[in-house]
Amino acid sequence: MVDHTNTDILRSVQIERVIAETPSIRTIIFEDKYSVASMPGQFLMVWIPEVDELPMSVGIENLGSHKFGAVTVRKYGPGSTALYYKKGGERIGIRGPYGNYFSIPKNLRNALIIGGGTGLVPLVRLFGDLLNYHVNTTLIMGSRTKSEVLFEHKAQKILTDNNHNGNVAFSTDDGTYGDKGSTVDLAESILLSKKFEMLYTCGPELMMKGVQKLGERFSIPVEASLERYMKCAIGICGSCCINDRLVCQDGTIFDSNRLRQLTEFGVSYRDKSGRLSSFIPQP
Amino acid sequence: MVDHTNTDILRSVQIERVIAETPSIRTIIFEDKYSVASMPGQFLMVWIPEVDELPMSVGIENLGSHKFGAVTVRKYGPGSTALYYKKGGERIGIRGPYGNYFSIPKNLRNALIIGGGTGLVPLVRLFGDLLNYHVNTTLIMGSRTKSEVLFEHKAQKILTDNNHNGNVAFSTDDGTYGDKGSTVDLAESILLSKKFEMLYTCGPELMMKGVQKLGERFSIPVEASLERYMKCAIGICGSCCINDRLVCQDGTIFDSNRLRQLTEFGVSYRDKSGRLSSFIPQP
Amino acid sequence: MNLEIKSEMLNLEVAGMYLRNPIILASGFLGISQAIFERIYDEGAGAVVSKSISRYPMEGYRNPTIVVLENKSYINAVGLSNPGCEAFSEEIKTNDKVPLIVSLVGSDPSDFEIMTRKLDGSGIIGFEINLSCPHVQKLGLEVGDDPQMVKSIVETTKSNTTKPVFVKVGVGSTNILDISQAALNAGADGITAINTIRAMKISIDNFNPILSNKVGGLSGPSIKPIAIRCVYELWKKFKVPIFGCGGVSNWEDAVEFMIAGATSFQVGTAIGFGGMSVFNSISNGIVKYMERKGYQSVKELIGRSHKY
Amino acid sequence: MNLEIKSEMLNLEVAGMYLRNPIILASGFLGISQAIFERIYDEGAGAVVSKSISRYPMEGYRNPTIVVLENKSYINAVGLSNPGCEAFSEEIKTNDKVPLIVSLVGSDPSDFEIMTRKLDGSGIIGFEINLSCPHVQKLGLEVGDDPQMVKSIVETTKSNTTKPVFVKVGVGSTNILDISQAALNAGADGITAINTIRAMKISIDNFNPILSNKVGGLSGPSIKPIAIRCVYELWKKFKVPIFGCGGVSNWEDAVEFMIAGATSFQVGTAIGFGGMSVFNSISNGIVKYMERKGYQSVKELIGRSHKY
Ligand SMILES: Cc1cc2nc3c(=O)[nH]c(=O)nc-3n(C[C@H](O)[C@H](O)[C@H](O)COP(=O)(O)OP(=O)(O)OC[C@H]3O[C@@H](n4cnc5c(N)ncnc54)[C@H](O)[C@@H]3O)c2cc1C
Ligand SMILES: Cc1cc2nc3c(=O)[nH]c(=O)nc-3n(C[C@H](O)[C@H](O)[C@H](O)COP(=O)(O)OP(=O)(O)OC[C@H]3O[C@@H](n4cnc5c(N)ncnc54)[C@H](O)[C@@H]3O)c2cc1C
Ligand SMILES: Cc1cc2nc3c(=O)[nH]c(=O)nc-3n(C[C@H](O)[C@H](O)[C@H](O)COP(=O)(O)O)c2cc1C
Ligand SMILES: Cc1cc2nc3c(=O)[nH]c(=O)nc-3n(C[C@H](O)[C@H](O)[C@H](O)COP(=O)(O)O)c2cc1C
Ligand code: FES
Ligand code: FES
């Protein structure tokens with residue numbers, strides 16, 4: 001028998017169901033005991049046969065009383081688009097979960113979560129866990145426009161399940177839902193009115209950089225989940241490096257102390273060939 | 001760390017001590033937990049670096065209160081002679097133990113053991129076990145001549161430890177010790193005077209064939225430990241085959257039922273090239 | 001599903017040989033005695049390849065001839081010990097039960113001429129020419145690396161038998177595609193890929209290479225990914241019958257070989273770790289897999305990965 | 001014994017390079033960033049080989065580029081993605097800490113001329129020419145199988161640097177001894193053996209070869225016995241400095257490579273299973289072994305098996 005105790009070995013899974021979340025985002029659901037045991041912030045490498053293999057945040061979905069593994073994908077380039085169009089009954093490959101996960105310090109009383117786009121996949125899971133631990137938590141859900149708001153129903157269900165001991169706030173780029181503008185602006189205004197002990201963030205890097213700056217300004221620890229180009233996810237190829245850290249192994253989640261040392265954070269990333277490129281176009 | 005749970009992997013051991021047993025037989029003693037856990041009839045493959053690798057019955061020796069593994073070798077050809085001259089502190093390689101072992105049926109009341117030469121290595125161990133289980137046992141120890149009697153001291157010690165509830169009889173080819181003649185002749189005369197429920201034998205094949213015939217004649221079950229040319233000891237090379245059995249895996253011990261089916265037993269063996277050769281020169 | 005239908009799912013024909021299933025004993029494993037061949041067949045093998053037989057008997061190397069490695073792999077340098085074609089034809093003269101393929105080894109065409117003639121009349125179903133034993137000089141790889149020699153050996157063998165002739169290739173110092181091309185051009189009916197790969201194990205306590213021949217051939221799971229690649233490349237290029245060989249340990253490996261392009265596959269090293277019951281457990285695994293996938297015949301698996 | 005003496009036991013010189021220990025990071029592992037090189041050095045490596053650098057940047061293949069196998073081995077087809085020699089020389093321009101060997105890959109002598117000139121002035125200790133990447137056409141093995149090409153590439157490289165030049169060989173379709181001979185004749189200072197071996201993994205559920213390039217290179221414990229054999233043969237024939245490479249997972253493997261004839265050894269795949277702490281655990285294991293055996297210097301191990 002093949003030994004599957006090693007989660008690095010590709011597992012072929014059959015897609016159980018596909019759920020449309022927004023016009024450009026779908027959740028792909030499959031049976032996988034390792035995904036079900038994953039923590040918020042961990043990711044899978046998802047093989048789309050003949051197309052690509054991509055890192056994707058790992059989710060957990062309940063169908064009836066049974067827990068399934070899931071990934072929530074925005075259609076973008078060839079890989080994500082092929083995954084987006086996969087149907088129930090088709091097969092994909094997965095390995096992992098990989099990476100560390102968001103930490104919940106003992107005695108944490110309140111936290112602010114700032115997420116944008118598919119960055120909300122781990123954060124909504126984290127939101128549920130925090131409320132479960134009775135941490136008073138505000139979740140900022142950012143998106144481009146109203147129709148692209150992701151996981152609102154999940155966030156609402158978490159609130160209901162926890163007697164509304166938390167808050168959810170929305171921001172959209174075009175102002176069609178919640179505040180108009182960036183999640184960082186919204187976070188700033190919330191921070192000015194209320195004290196928080198922890199900031200969690202996942203989303204576009206420049207947004208996370210903004211959150212880090214808020215953390216410095218308000219002296220609040222931050223945990224951010226970084227993205228870099230990933231090939232192996234097992235710490236051998238080096239393609240995911242940021243300064244001397246490997247995002248796949250040392251991350252994806254880094255805390256304020258480490259973020260401060262990562263001079264490349266919010267500044268530059270490596271492309272597929274390993275060359276440093278800038279987030280902000282050089283003048 | 002190298003995984004040594006697989007006993008097929010060669011283990012390098014340092015020789016702890018060498019004991020002269022007879023002018024042509026020595027016992028080589030080494031630390032090895034797997035040998036210490038072996039059963040009478042099992043064997044090791046012993047690597048004599050730069051010379052050969054040979055199957056050898058595995059023994060257990062006490063030095064002080066500590067149990068060691070051991071092999072008892074008669075110097076004969078190049079391999080056994082090189083092993084015979086190994087000294088304390090030198091290294092050999094071992095793998096195993098391999099093969100099945102002598103069985104002790106429940107409620108066995110008495111047994112006769114017939115051994116010749118280094119065939120006594122497993123049999124004297126078995127003698128001890130049988131007396132331990134309160135089986136009334138007679139051990140026939142055969143050798144060429146008085147000086148070559150092997151393990152007499154061990155047999156005596158076993159008798160003493162068990163209040164002499166057993167017997168030891170000797171035969172030598174030249175009559176210098178015990179009966180003159182073959183162990184089979186001695187066994188026959190003992191069987192004529194006393195009833196036994198089990199015969200155990202190990203030694204030259206034609207001697208064992210004689211024991212098998214005694215078993216048929218007196219209707220007593222026999223267990224015999226066979227020797228064939230061994231290369232792998234793990235059931236892949238086929239060099240140890242006798243009819244459709246592999247001596248290294250299915251044996252080395254075969255019972256009367258099986259021995260009856262083995263038409264090659266006492267008749268022919270395969271040489272290193274795999275050709276069938278006869279024990280008895282063809283007319 | 002009843003047992004008969006199950007076993008029919010595994011029937012197939014390879015280069016004119018009709019096999020009850022595609023699971024074949026690899027050469028060199030237990031392969032010198034008729035009694036053992038019969039036992040292997042009773043244990044469930046579809047066919048059996050003998051130990052490589054040479055014109056004259058060979059004693060092979062001194063022990064140690066086999067080293068067991070950590071990852072269920074072996075290095076062996078048995079040195080092609082075998083009874084020679086005279087004694088071996090005597091050995092198998094009563095065979096009318098076992099689908100037996102005789103592996104031949106030799107150093108020039110005349111060896112193969114004599115051996116083929118001697119053995120062709122026996123109750124055997126085909127020949128396999130071992131051109132790839134990696135550790136015996138003047139036999140095996142040294143012969144198999146020379147396309148001209150391969151050509152004349154295969155031609156000679158083919159002209160002395162009407163039975164199918166497979167050529168066994170190895171990963172050595174020439175390209176397996178080139179050697180296979182030479183063999184197929186000369187009339188070979190199929191290719192067996194692969195033999196063991198030259199390797200060594202040294203004792204760090206004693207400092208010696210352990211095998212008496214120092215260098216031996218690596219077999220088992222370690223070489224499987226290399227063997228799969230070879231089978232894939234051979235099928236892609238030639239679409240001829242292929243015996244996949246190298247590291248088949250379970251039904252998953254077996255299926256992987258077949259979808260890579262193997263018509264059947266050979267099992268060796270796995271016997272050392274799983275015993276002879278490995279034949280039946282592989283059969284059962286393949287049948288269950290085929291049921292899950294909805295296949296009727298094991299032939300549907302052959303080369304399936306090439307559609308992608 | 002105090003730490004300083006311990007670490008002195010591991011000092012050695014290889015073809016003019018002074019290393020604090022013989023444990024070297026293999027090419028392609030974590031090897032594109034100066035920050036990572038420094039971290040690897042801090043973790044205990046004796047030296048570091050960069051990812052193979054080409055004249056122009058290369059994106060490499062689409063994912064999947066790496067498949068993990070059951071027995072702690074990998075098949076990879078990264079496709080030699082690298083930032084190119086321009087960007088890479090920028091990357092390492094501040095290096096004054098890490099004993100860095102730059103691996104070069106190219107398709108003809110002019111590539112190597114340009115790259116050697118560009119990089120020779122950086123804070124590096126030597127070059128390694130990758131003639132053996134088994135899965136990128138017109139680079140790697142296809143170049144490395146042609147002794148004439150090997151000769152002119154090595155000559156060109158040597159004539160543009162005074163630093164030691166190693167040539168990395170693989171087990172492909174030519175004899176490693178022939179290619180090494182060509183490289184050494186042309187002035188190479190040593191040989192790195194071996195690169196990965198062409199291999200494939202096919203999904204039996206999806207039927208596809210998993211890697212986007214289909215074929216990749218096998219690394220890890222599976223290839224160790226083959227690599228040991230190559231190192232043994234190279235040392236026996238040439239007695240030149242050799243970097244042993246292929247499947248070193250622990251100190252026992254490391255010692256086996258050195259007694260086979262490796263002057264130093266490279267570690268790659270093991271990092272995926274043991275993390276970066278593998279450098280220190282190998283050092284500690286070797287030192288303890290040397291203490292047991294009563295050796296003063298790790299140099300005493302080199303080629304020791306050849307006395308037997
Ligand atoms: C840890 C992690 C978790 C992620 N989780 C999710 C998720 O839950 N949902 C989701 O929709 N997306 C997620 N992504 C992003 C996702 O992996 C892809 O980057 C994205 O889907 C675009 O891929 P593409 O092939 O369609 O686009 P392409 O057009 O091929 O590439 C566009 C860009 O995507 C990025 N990208 C492509 N391949 C990779 C790769 N192998 N590793 C990292 N980045 C890559 C690169 O920046 C590239 O420039 C995650 C990324 C990381 C690193
Ligand atoms: C299961 C088993 C247990 C044994 N136990 C002992 C023991 O406890 N003490 C002891 O002294 N001897 C034992 N022997 C015999 C021993 O293995 C050797 O056969 C014997 O020592 C002679 O070997 P040599 O190399 O010195 O002689 P050689 O001159 O090389 O060979 C002489 C004969 O020894 C036999 N022989 C050699 N190598 C092997 C081999 N690899 N396998 C089987 N037979 C071989 C052959 O019949 C050969 O013709 C045992 C054999 C077997 C099969
Ligand atoms: C002990 C042993 C002996 C072998 N003898 C032969 C042989 O005589 N002829 C041959 O063609 N191959 C021989 N081989 C190679 C096998 O037939 C087979 O090609 C190889 O072991 C790979 O398959 P596996 O991984 O299933 O063992 C031998 C292999 C081993 C381990
Ligand atoms: C992901 C990966 C990338 C590699 N890239 C290179 C490379 O760029 N240049 C090179 O010479 N070897 C490369 N190799 C081969 C290794 O340097 C090494 O020769 C091989 O992996 C065997 O060593 P190991 O078993 O310790 O990994 C690569 C190997 C892997 C697994
Ligand atoms: S993705 Fe390869 S090291 Fe992180
Ligand atoms: S010694 Fe090899 S099968 Fe028994």
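In what follows, chains carry the letters A, B, and so on, assigned in the order in which the sequence lines appear, proteins first and then strands, with residues in each chain numbered from 1.
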Just say parallel, tilted or perpendicular for the rings of [X] and [Y], cut-offs at 30° and 60°.
X        : Y        : answer
C:Tyr289 : C:Trp251 : tilted
D:Tyr295 : C:Phe207 : tilted
D:His306 : D:Tyr232 : parallel

If I measure from the heavy atoms of chain D, does C:Leu69 come under 4.5 Å with its side chain, its backbone, both, or neither?
side chain
Counting only non-hydrogen atoms closer than 4.5 Å, does C:Lys72 touch chain D with its backbone (N, CA, C, O), its side chain (CB onward), both, or neither?
neither
Please classify the contact between D:Lys293 and chain C as side chain, backbone, both or neither, with a heavy-atom cut-off of under 4.5 Å.
side chain
Against chain C, label D:Lys307 side chain, backbone, both or neither, depending on which of its atoms sit under 4.5 Å from a heavy atom there.
neither
I need the residue from D:Val67, D:Asp205, D:Ile75 with the largest number of non-hydrogen atom pairs under 4.5 Å to chain C.
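The residue among D:Val67, D:Asp205, D:Ile75 with the greatest pair count is D:Asp205.
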For the atom pair CG (D:Leu234) and CD1 (D:Ile194), what is the distance rounded to the nearest 0.5 Å?
10.5 Å
Among the listed options C:Asp178, C:Asn175, C:Ile202, C:Ile228, the residue most often paired with chain D at heavy-atom distances under 4.5 Å:
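The answer is C:Ile202.
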Min side-chain heavy-atom separation C:Lys168-C:Ser27 under 4.5 Å
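Result yes, sub-4.5 Å side-chain heavy-atom pair found.
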